[in-house]
Asks: 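Next up is a structure, given as structure tokens.
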Amino acid sequence: MNKSKVFCFLGILLVFGFTNCNKDSEKIVIKTNAPQEVSSHYARMTGSITSSENNIELWAYGYCLGKEPNPDMSQMQTCIYAVDPSHPDVSLPRPFDWVIPGLDSGTEYHFRAFAFITSNERPIFGEDVCFTTSGK
């Protein structure tokens with residue numbers, strides 16, 4: 001096989017790999033509202049998880065909370081999964097309304113909702129929402 005055929009084949013594989021990469025994140029929309037309530041030790045976050053396609057299956061959803069922007073799954077102590085195996089209702093659209101207790105007063109926090117869909121091994125995150133708890 002000559003070099004031009006090899007490069008052509010590798011180019012096709014490369015283009016296919018980039019165009020096929022995580023299209024599921026385009027099918028899920030995670031909208032997080034500004035915090036509804038913020039006090040010195042808790043916050044209430046609301047929003048929704050929707051899909052642009054009817055056949056998307058939500059496997060789990062939840063949120064990550066941290067003191068740095070864009071908290072993710074590496075901060076497991078602050079990631080909450082909202083699927084109860086005994087009540088696995090994960091239909092879409094899925095509104096969420098979470099009261100987050102145990103926060104430090106006068107502290108800036110970052111919140112991101114996430115969703116797992118059955119056809120993707122990685123979570124799909126919503127945008128980072130920043131809020132600060134009151135001082136006392």
Asks: Looking at side-chain heavy atoms only, is the closest gap between Tyr109 and Leu103 below 4.5 Å?
Replies: yes

Asks: For Asp128, which residues count as a salt bridge (charged side-chain N to carboxylate O under 4.0 Å, His left out) partner, sequence neighbours excluded?
Replies: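 Testing Asp128 for salt bridge (charged side-chain N to carboxylate O under 4.0 Å, His left out), a comparison that skips the adjacent residues, returns none.
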
Asks: Looking only at heavy atoms, what is the nearest atom pair of Leu58 and Ala115, with distance?
Replies: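 The answer is CD1-CB, 3.6 Å.
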
Asks: For Ser48, give me all partners under side chain to side chain contact (heavy atoms under 4.5 Å, CB included), at least two apart in sequence or on another chain.
Replies: Lys31, Thr50

Asks: For a quick test of reading the model, state the closest non-hydrogen atom pair linking Phe125 to Ile30 and the distance between them.
Replies: C-CD1, 3.9 Å

Asks: Got a donor-acceptor contact below 3.5 angstrom from the Ser51 side chain to the Ile56 backbone?
Replies: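 No; zero donor-acceptor contacts below 3.5 Å.
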
Asks: Measure the shortest side-chain to side-chain distance between Pro101 and His41 over non-hydrogen atoms and say whether it is less than 4.5 angstrom.
Replies: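 A side-chain contact under 4.5 Å is absent here.
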
Asks: Can you check whether Gly66's main-chain N or O pairs, donor with acceptor, with His110's side chain at less than 3.5 Å?
Replies: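 Flag not set: sc His110 to bb Gly66 has no pair under 3.5 Å.
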
Asks: Can you sort out the partners of Val38 under side chain to side chain contact (heavy atoms under 4.5 Å, CB included), two or more places apart, ordered by chain and number?
Replies: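 Partners of Val38 under the side chain to side chain contact (heavy atoms under 4.5 Å, CB included) test: Pro35, Ala43, Phe131, Thr133.
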
Asks: Could you state the interatomic distance from OH (Tyr61) to CD1 (Ile117), rounded to the nearest 0.5 Å?
Replies: 15.5 Å

Asks: Over all heavy atoms of both residues, which pair between Ser105 and Gly135 is shortest? Give the atoms and the distance, please.
Replies: OG-O, 3.4 Å

Asks: Give the C-alpha distance, both sets of side-chain angles, the deciding distance and a yes or no for ring pair (Phe, Tyr, Trp, His ring centres under 6.0 Å) between Tyr63 and Phe111.
Replies: CA-CA 7 Å; Tyr63 66 86; Phe111 172 94; 5.4 Å; yes

Asks: Could you check whether the rings of Trp59 and Phe116 sit parallel, tilted or perpendicular, using 30° and 60° as the cut-offs?
Replies: perpendicular

Asks: For the side chain of Ser134 and the backbone of Ser40, is there at least one donor-acceptor N/O pair under 3.5 Å apart?
Replies: yes

Asks: Check side chain to side chain contact (heavy atoms under 4.5 Å, CB included) between Thr46 and all other residues, then give those that pass, not counting sequence neighbours.
Replies: Asn33, Gln36, Arg44, Asp97

Asks: Kindly compute the distance separating CD1 (Ile49) from CD1 (Ile28), expressed to the nearest 0.5 Å.
Replies: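 Here the interatomic distance stands at 7.5 Å.
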
Asks: Using the salt bridge (charged side-chain N to carboxylate O under 4.0 Å, His left out) rule, collect all pairs that involve residues 102-117, keeping only residues at least two apart or in two chains.
Replies: Lys67-Asp104

Asks: Shortest non-hydrogen contact from Trp98 to Ala113?
Replies: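 Nearest heavy atoms, Trp98 then Ala113: CZ3-CB, 4.4 Å.
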
